[in-house]
Structures are given as structure tokens and as C-alpha cells.
Amino acid sequence: MIAQDRHSSSDEADIERRFLNAGVVVPADRAEGAYAAAVRLLATLHWLRTPRTAAAEPSHIFAPGKKRS
Amino acid sequence: MSTLGPLHELSIAEAGRALRSGQVTSRNLTEAALARIDALDPMFNAFVLITRERAIVEAERADASFASGVDAGPLQGVPYALKDIYATAGVRTTCHSNLLRDNVPENDCAVQEKLAAGGGVLLGKVGTFEFAIGGPSFDLPFPPARNPWNPDHFTGGSSSGSAAAVASGMLRMAMGSDTGGSIRGPAALCGVVGLKPTYGRVSRRGVFPLAYSLDHCGPLTWSVEDTALTMQVIAGYDSQDPASVDVPVPDFKAALGRNLDGVRIGYTRKFFIDNPFLTAESLKALDAAAEQMAALGAAVDEVDISSYELFDACAQVIMFAEAFAIHEADLKTRPYAYGRYGYQRLVSGAVLSAADLVQAQRLRRELTAALNDGALYTHDALLAPSGLATAAPFSDFGKDAARWGGMLTNPFNVTGSPALALPIGFGANGLPLGAQIVGRPFDEPLVLRIGAAYEAAAGVSLRRPRIVETAQPS
């Protein structure tokens with residue numbers, strides 16, 4: 001039930017750059033798990049970028065139900 | 001007293017009747033609960049703090065209220081516990097982290113204010129994953145909670161102590177929080193009921209956030225009725241929680257006991273059937289639950305909702321972006337103040353960009369509209385898994401943080417929908433399996449009605465773990 005994570009050295013270079021851009025220096029003895037968590041997270045990003053038409057762009061943010069008119 | 005049976009087996013409603021008829025006192029209930037905690041907690045590590053003396057004082061106060069004719073509601077005189085991210089005035093609140101191991105808040109959180117005003121008896125604080133996200137860690141101030149069905153297995157998280165305390169019968173209700181499934185996951189894996197109410201239904205003021213826009217507060221209990229009674233006390237608008245919604249508080253118990261005639265339930269089978277973590281025994285139990293609901297009068301058919309990958313991407317990005325923002329300063333300056341799992345998970349949010357977060361928020365609105373205008377328009381409620389398998393053993397967890405893949409709960413944090421986890425059977429290893437009933441925004445009464453009808457018919461919730469008090473985890 002534990003998801004297995006594999007990543008390449010190019011993944012690691014990208015992730016290291018992202019951490020540094022954010023001002024984070026990950027301690028070496030915790031890097032493996034932190035990088036694996038980052039890989040898992042970055043792997044989800046392509047799902048967020050589906051093409052949209054201009055008309056489909058929402059102009060307001062999340063609400064759990066419909067607003068009262 | 002003997003006609004009541006073991007006090008820890010009394011439901012909240014039964015305890016309430018016994019308290020009001022004079023068959024039992026709150027002090028009796030409280031002392032019995034404390035004795036059970038003393039006997040069992042060394043095995044299950046549910047509690048991180050027991051407020052023994054305070055509990056006795058509160059119990060005596062509740063008894064005095066009953067004696068003077070004051071009745072503050074269904075939890076008066078009833079013991080409960082709070083996940084240790086709920087701020088309690090004068091009572092240590094650690095978030096299960098070394099970072100806050102000496103933190104004593106000055107003010108109660110909103111839920112504790114309501115529970116105290118309702119005459120409840122606080123027994124203490126129960127454990128969590130570090131800051132409600134880390135994992136079942138052994139490098140924190142307190143050990144992880146263990147599953148009462150088998151203490152070699154974890155409880156799920158992050159409301160791990162809440163689930164262990166309720167499942168083992170230390171008490172009937174403990175509050176949890178749910179950002180991606182942290183009420184429903186432990187409820188499923190420990191065989192208890194857990195409600196993630198609609199986003200905005202229960203105030204989060206004073207509860208340490210994991211992710212502001214995904215966090216929900218809700219109860220874990222033995223039964224659906226216990227959940228309904230708790231909701232009656234804790235629900236309601238709070239102007240100091242920006243997400244709180246000013247809608248009427250319904251009678252959560254009113255529809256309990258009715259059958260499911262006329263209720264349209266969409267079974268989200270396609271949503272999870274190809275998930276690699278789904279076990280055959282979970283699928284069998286879910287199919288049987290759908291059939292049981294149909295036998296109770298519901299119109300049950302299969303329904304499509306957006307793919308799990310979309311929901312999961314949205315939930316993960318928002319959760320880790322918000323969580324990193326909350327912890328940014330400490331993650332950068334004192335990483336070793338966090339446990340290993342907590343640090344590794346929280347710091348991962350640093351790799352996200354602003355555009356990633358906006359894309360996720362945009363998708364969130366689309367997914368929410370698609371659910372409310374689609375499956376939850378054609379149907380009154382949905383049946384979905386809360387867990388896809390039984391609880392993993394602790395031995396499955398390595399030295400680094402990993403993702404346990406057995407949950408399908410975070411879609412309804414994305415949508416803010418009310419979702420009730422309840423047990424639906426057991427795996428071959430004797431550990432519980434769970435489903436969730438998902439409703440329209442603020443339609444908790446229907447979700448609870450479906451849950452109660454299923455619970456009464458299936459009888460799964462009546463089965464409790466056989467606890468051998470001398471057993472020790474290996």
C-alpha cells in the first residue's frame with residue numbers, strides 16, 4: 001500500500017533548483033525522502049493544465065455551493 | 001447501574017437518557033472512561049495528555065447542572081477528547097510536535113467553547129500525525145497511536161488518536177480534523193464513524209491549520225447517531241472563521257431512523273475500480289453496501305464523477321502550497337525541530353510555483369461545479385470508498401516519508417462536500433473496511449440518514465475489537 005517513488009538525477013537537479021529558489025536548504029540526511037515527496041507532487045502538475053477557452057475562465061475563487069442571488 | 005451494562009458501551013443518546021433519569025452520573029461515566037484509558041492507552045497510545053482532575057471537576061459541574069434542572073444539550077455530562085491541534089486554554093496543545101511541545105494556549109478554539117458550553121467533559125488531548133500531516137512517526141514527543149483491531153497496524157491519519165480512542169471504547173466521541181481525509185481515513189481503518197462536515201459548517205477558529213482552504217473539523221464516534229448529536233453542539237456560524245458560512249443549523253438527528261425510500265444514491269464504482277490500491281475484499285464490501293442501500297429503498301445506480309487524478313492533483317498542490325506557507329520560516333531555520341516524516345512532507349511544498357497553485361485553484365472550482373451540477377444534481381448522495389484496503393502494518397513504513405495509497409478521500413476536501421465515513425465490513429486479516437457517503441453542500445442530515453439506515457441494517461458498527469488487555473504490540 002506504500003506508493004513506490006523513483007526519480008532520476010535530472011529530477012533531482014530540477015528539484016534542488018526549486019528548493020533553492022524557495023530559499024530552502026534540505027539537510028542531507030533528510031534529502032532522500034524530501035526529494036521523493038517533491039517528485040510525487042510535481043508528477044501531479046500536468047493534471048492541472050488542461051486547455052481552457054477564455055469563456056471557461058472563472059473570475060472568482062472556490063465556494064462550496066452556489067451563492068445566493 | 002447493573003442494568004446499564006458496561007458504561008463504555010453506552011451510546012451518547014443512551015448515556016444522556018441515563019444521566020437524565022438519574023441511573024448514572026457524569027462522574028460515574030468520567031471515572032469509568034478514565035479507568036478504561038488507564039487500562040488500554042498503554043497499548044494504543046491514543047492520548048498525549050489526560051486532563052484527569054479537570055475532567056472530574058467538569059463532571060461534577062455537569063451533575064450539578066442536571067440536579068438544578070439545567071440541561072445544555074445532548075453532550076452534557078458526556079466525556080470526549082480533542083485532537084491535539086485544537087487549542088485549549090491552559091491545557092498543553094502540541095500538534096504532536098517538538099516545535100510546540102510546551103505550547104499552552106490562552107484561548108479555547110471555537111469547538112471547545114461550544115463543547116464546554118454544552119456541558120461536555122474534556123478527558124484530554126489525543127495524538128495526531130505531526131501537524132496533522134507527518135505520518136506514523138517514532139521520532140516525535142509521543143509515540144504514534146496503534147490500531148485497536150491489531151496494534152501492529154497503524155490507525156491511518158492524521159486523527160489517529162481520535163480513532164484509536166473511540167474504536168477501543170475509551171470514549172464515544174473525539175474530535176478530528178480532515179484536510180485530505182484525516183477524519184475519514186482513520187475512521188475507516190479503525191472501524192468507527194467519522195464525519196467531515198461541509199466546508200464552513202463547523203468553525204476552525206483556534207485549530208492549528210494544515211491547509212486553510214481544505215481544513216475541516218468533525219467528530220469520530222461509534223455510531224452515526226453519536227455523530228449527529230455531536231454535530232448539534234459544534235455546528236454553527238462563527239464570524240471569526242473566515243470560511244464559516246451563515247446558514248441555519250438543522251436538526252441533524254431528525255431524519256435518523258427513516259428508511260431510504262425516494263433517496264437517489266449514485267455509486268461511484270468507475271471512480272475507483274481501476275485504482276491499483278483497490279483490494280478485492282474492499283470492492284466486494286462496497287458492492288454489498290450499494291446493494292444494502294438499495295434493499296433499504298434507495299434508488300442506487302452507477303454514476304460518473306471526474307477522475308481521481310484531477311481531484312488528487314488539485315488537493316495535493318493546494319494542501320502542500322498552503323502548508324509550506326504556514327511552516328516556511330520554521331522549515332528554513334530549524335528543520336530538525338520537525339520529525340523526519342513531517343519535515344519531508346511539509347518541505348515538499350517549496351517546489352511549487354505560484355502558477356501551480358493558481359492552476360489548482362482554477363481546477364478546484366471546475367471540479368466542484370462539475371460535481372454539484374452533475375452527479376450531485378442527478379443524485380441526492382454518492383457512495384464511494386473511504387479506504388481501498390485495510391490498515392497497513394507499521395513495518396510497511398520506511399525511514400523516509402512515503403505516501404500511503406489506500407485512501408480516496410481528498411476529492412471531497414476539494415469540493416467541500418459533507419462526507420460520512422462508516423465501516424462496511426472486514427478484511428481477511430480482521431481489520432475494518434470503510435465507505436463514505438457524500439452529500440450536497442450543507443446536506444449533512446441526508447448523509448447521516450443514509451449512514452444510520454445502512455448502519456442499522458448491516459450491523460457492522462456493532463462489532464467492536466476484541467481487546468486483550470495484556471496484549472502488547474510486537
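Each chain gets a letter, A, B and so on, in the order the sequences are listed, and its residues count up from 1. Keep in mind that the numbers below use all heavy atoms, side chains included, and drop hydrogens, waters and symmetry copies. These figures come from a predicted structure and were not determined experimentally.
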Rounded to the nearest 0.5 Å, what separation is found between the [atom1] atom of [X] and the [atom2] atom of [Y]?
X        : Y        : atom1 : atom2 : value
A:Leu45  : B:Leu352 : CG    : CG    : 6.0 Å
A:His46  : B:Gln359 : NE2   : CD    : 13.5 Å
B:Ser307 : A:Trp47  : OG    : CH2   : 5.0 Å
A:Leu48  : B:Leu310 : CG    : CG    : 8.5 Å

Report the C-alpha separation of B:Leu363 and A:Arg52 in whole Å, then their side-chain angles, then the decisive distance to 0.1 Å, and conclude whether the side chain to side chain contact (heavy atoms under 4.5 Å, CB included) test is met.
-> CA-CA 10 Å; B:Leu363 178 60; A:Arg52 294 175 178 84; 4.0 Å; yes
Step-by-step salt bridge (Lys or Arg N to Asp or Glu O under 4.0 Å) determination, A:Arg49 to B:Asp356 | CA-CA 9 Å; A:Arg49 290 178 164 81; B:Asp356 295 334; 2.7 Å; yes
Closest non-hydrogen atom pair between B:Ala350 and A:Val24, with its separation = CB-CG2, 3.9 Å
Locate the shortest heavy-atom distance separating B:Val351 from A:Arg18; write the atom from each residue and the value.
-> O-NH1, 2.8 Å
Side-chain (B:Lys332) to main-chain (A:Ala22) donor-acceptor, under 3.5 angstrom | yes
Are any side-chain N or O atoms of B:Gln344 and backbone N or O atoms of A:Arg30, one a donor and one an acceptor, separated by less than 3.5 Å?
-> yes
Part of B:Ala369 lying under 4.5 Å from any heavy atom of chain A | neither
Would a 4.5 Å heavy-atom cut-off, applied to side chains only, mark A:Pro27 and B:Tyr343 as touching?
-> yes
Give a yes-or-no answer on whether the side chains of A:Asp29 and B:Tyr336 include a donor-acceptor pair shorter than 3.5 Å.
-> yes
Do you know which of B:Phe324, B:Tyr338, B:Tyr341 has the most heavy-atom pairs under 4.5 Å to chain A?
-> B:Tyr338
For B:Val347 and A:Phe19, what are the C-alpha separation, side-chain angles and deciding distance, and is it a side chain to side chain contact (heavy atoms under 4.5 Å, CB included)?
-> CA-CA 9 Å; B:Val347 81; A:Phe19 275 132; 4.1 Å; yes
